[in-house]
Amino acid sequence: MNAARVLAAAMFVVLMVGHARATAPLSLGHSAFALNGPWKFHLGDEPRWALASADDSHWQNIDLTPRPGVHDDDVGLPNYVPGWAARGHAGYYGYAWYRLHFALSAPPGEILALAGPFAVDSAYQLYLNGRLMGGVGDFSGRTPVAFSYHRPALFVLPPDTANAGRVVVAVRAWMGPWSRSPDAGGMHIAPVIGSRGSVSDQYRLQWLILFEGYVVDALEGLALLLLGLMTLSIMPFDRTSRSYIWLAAALLFLAIHRGNQAIMFLGNFETIHAFELFIIVLAIPIYMGAWVMAWRSWFALKAPEWLPGTIIVLTAVYMLAAFLTRSWFRTAYPEIMFVSLHYIISGVRYAFLAFYALTAYQALRHARREALYALPALLVLGVGLYGGELLYLGTPGIWFPFGIGLSLSEIAYALFALLFPALLLRRLWSYASRDRPIKRLYLDGGDQTLGVKRMGGEAAPG
């Protein structure tokens, strides 16, 4: 590589801060540059704001420069910054625009690309000098449809962009009414511009980060589903117990919840509305109640007799309250109603936690040997189910080993997936031992198989 090529590959950035229409000249070689801004920001929606000539001199300045080593508090997305709710617009949802002006030059023949903002609440469209380049989410209808709030996107820029001189990037962001996070809204990670090769590397790295963040959820979902099938396979050996049906149902809905994390954030077909309905309204309340019923049936607990009916009622209340707090009712009634419903949901969850603890206590009293075998699985599952409630005790909810988010629930479910098969195999072995023919050894050294089965713990002639 000659000296001229090396010089062309170098990148020099000068950001001029002060005037609202300041221009930052970017000289791009085989490199990539994060467009941290400061950006011009305005609430609302106006199509002409996509144009390079639009006047944004009176707009708010928003800097997307991240603190060193910062990441989000869920997956571990790097370079994460707070959204518009933390910048003076708490409680706002709907449209907002970002605009950035800069001068751009690149080596002759260089093809440029832009990686869209990695994390946006909840959908966006990106424009370059008034030209729509694409986006994340569906804007074809009256109201945009959002699929997830972090998704990589790669835009190859037109050939004339490399030496266009003055460039304006505009981002039209839209956030749905489901988020109440104190730092929600708009862009959380700045777009990246540069040579197509360098930006493509950034794009692939973003997908790798997402895969690493959600592969555990996918594997746990699959493991829980297989455990549900394993549970059902024991039913032919004991047709008198309902515990296997309860366990299979609880495992199935928990598997749907865990596996759906990967489906939603790695796929691009499940909408946030669908996630609200099938996971928050249906799956979570059902498996919260089903697990209490499953353990009680596993230990053959009968008292108190009113508990099963109470569990069913609480599950229905949980589902109704969750349904009424979803985004489709966001403007239907006052905020105080949403707050009250969330208190109801919290109360139901604590009631489930109390019944779960009562089940463990009764099992230790009345089915001590079986309870001791099951206690490790029961406890780690409880940590996974009630991880949110355990946060009030000061328990960390998530860790970031190697920069990847690993939650307390993920750890608990992984341990449960290792422990629970041992319980099933032990139960299956007990049935096999009960039904196995007994061989009687005679004094003369011969043996003879008798038609004898263990019934009620004693041998009886068949």
Side-chain angles (χ1 to χ4, degrees), residues 73-76 213-228 230-231 243 246-262 279-280 283-299 301 311 314-315 318 322 345-364 367 370-401 404-424 426:
D73 59 1
D74 182 20
V75 182
Y214 290 104
V215 65
V216 173
D217 300 283
L219 294 176
E220 285 186 346
L222 178 60
L224 292 167
L225 180 61
L226 293 176
L227 285 178
M230 183 178 178
T231 301
S243 62
W246 283 114
L247 284 168
L251 286 164
L252 171 62
F253 283 98
L254 183 57
I256 290 173
H257 181 197
R258 300 308 302 168
N260 186 78
Q261 295 288 102
I279 302 302
I280 298 179
I284 295 177
I286 289 175
Y287 73 66
M288 293 294 288
W291 273 116
V292 178
M293 296 296 295
W295 285 121
R296 296 189 65 82
S297 182
W298 179 268
F299 297 119
L301 299 176
I311 295 295
L314 287 175
T315 302
Y318 193 164
I345 292 173
S346 180
V348 170
R349 289 183 61 90
Y350 276 108
F352 280 144
L353 175 56
F355 293 145
Y356 196 90
L358 175 64
T359 299
Y361 170 74
Q362 290 181 313
L364 288 171
E370 185 69 25
L372 290 176
Y373 283 115
L375 192 60
L378 189 149
L379 289 179
V380 297
L381 176 65
V383 170
L385 294 176
Y386 304 102
E389 286 69 27
L390 292 177
L391 294 179
Y392 291 103
L393 302 177
T395 305
I398 191 168
W399 295 266
F400 293 92
I404 303 170
L406 186 63
S407 70
L408 180 63
S409 294
E410 285 177 326
I411 297 172
Y413 291 138
L415 291 175
F416 174 76
L418 296 175
L419 293 170
F420 188 67
L423 285 181
L424 295 178
R426 179 181 175 274

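Note that the numbering runs from 1 along the sequence shown for the chain.
- Taking the centre and axis of the six-membered ring of Tyr413, the NZ or CZ atom of Arg258 falls outside the cone set by 45° and 6.0 Å.
- Here Leu219 contributes atom CG and Leu224 contributes atom CG; the two are 11.0 Å apart, rounded to the nearest 0.5 Å.
- Closest approach of Ala290 and Ala250 over heavy atoms only: CB-CB, 3.8 Å.
- The shortest non-hydrogen separation linking Pro285 to Thr315 is O-CG2, 3.5 Å.
- For the pair Ala371 and Ala363, the tightest heavy-atom approach, listed with the atom from each and the gap, is CB-O, 3.4 Å.
- The OH atom of Tyr318 sits 9.0 Å away from atom OG of Ser346, with the distance rounded to the nearest 0.5 Å.
- Annotation: side chain of Phe420 is not in contact with side chain of Leu381 (no heavy-atom distance under 4.5 Å).
- Taking each heavy atom of Trp246 and Ala294 in turn, the nearest pair found is CB-CA, 3.5 Å.
- Here CD1 of Ile286 is found 14.5 Å from CH2 of Trp291. Values are rounded to the nearest 0.5 Å.
- In this structure the side chain of Leu225 never reaches within 4.5 angstrom of the side chain of Leu251, judged on heavy atoms.
- For Tyr356 (side chain) and Leu378 (main-chain N/O), a donor-acceptor pair under 3.5 Å exists by modelled atom type.
- If you run side chain to side chain contact (heavy atoms under 4.5 Å, CB included) between Val380 and each of Leu375, Leu419, Ile411, Leu385, only Leu419 comes through.
- Note that CG of Leu314 and CZ of Phe355 are 6.0 Å apart. Values are rounded to the nearest 0.5 Å.
- The line from CG of Leu364 to CD of Glu370 is 11.5 Å long, rounded to the nearest 0.5 Å.
- Pairs engaging residues 347-360 under the salt bridge (Lys or Arg N to Asp or Glu O under 4.0 Å) rule: Arg349-Glu389 [sequence neighbours left out].
- Summarising the geometry, atom CD1 belonging to Ile256 is positioned 11.0 Å from atom OH belonging to Tyr287; distances are rounded to the nearest 0.5 Å.
- Counting heavy atoms from C-beta on, the side chains of Val383 and Leu379 never come closer than 4.5 Å.
- What you find for Ile280 and Ala322 is that their closest heavy atoms are O-CB, 3.8 Å.
- Closest approach of Gly228 and Ala248 over heavy atoms only: O-CB, 4.0 Å.
- Counting only heavy atoms from C-beta outward, the side chains of Glu410 and Asp217 approach each other to under 4.5 Å.
- Between Trp295 and Trp298, the ring-plane angle classifies as perpendicular under the 30° and 60° cut-offs.
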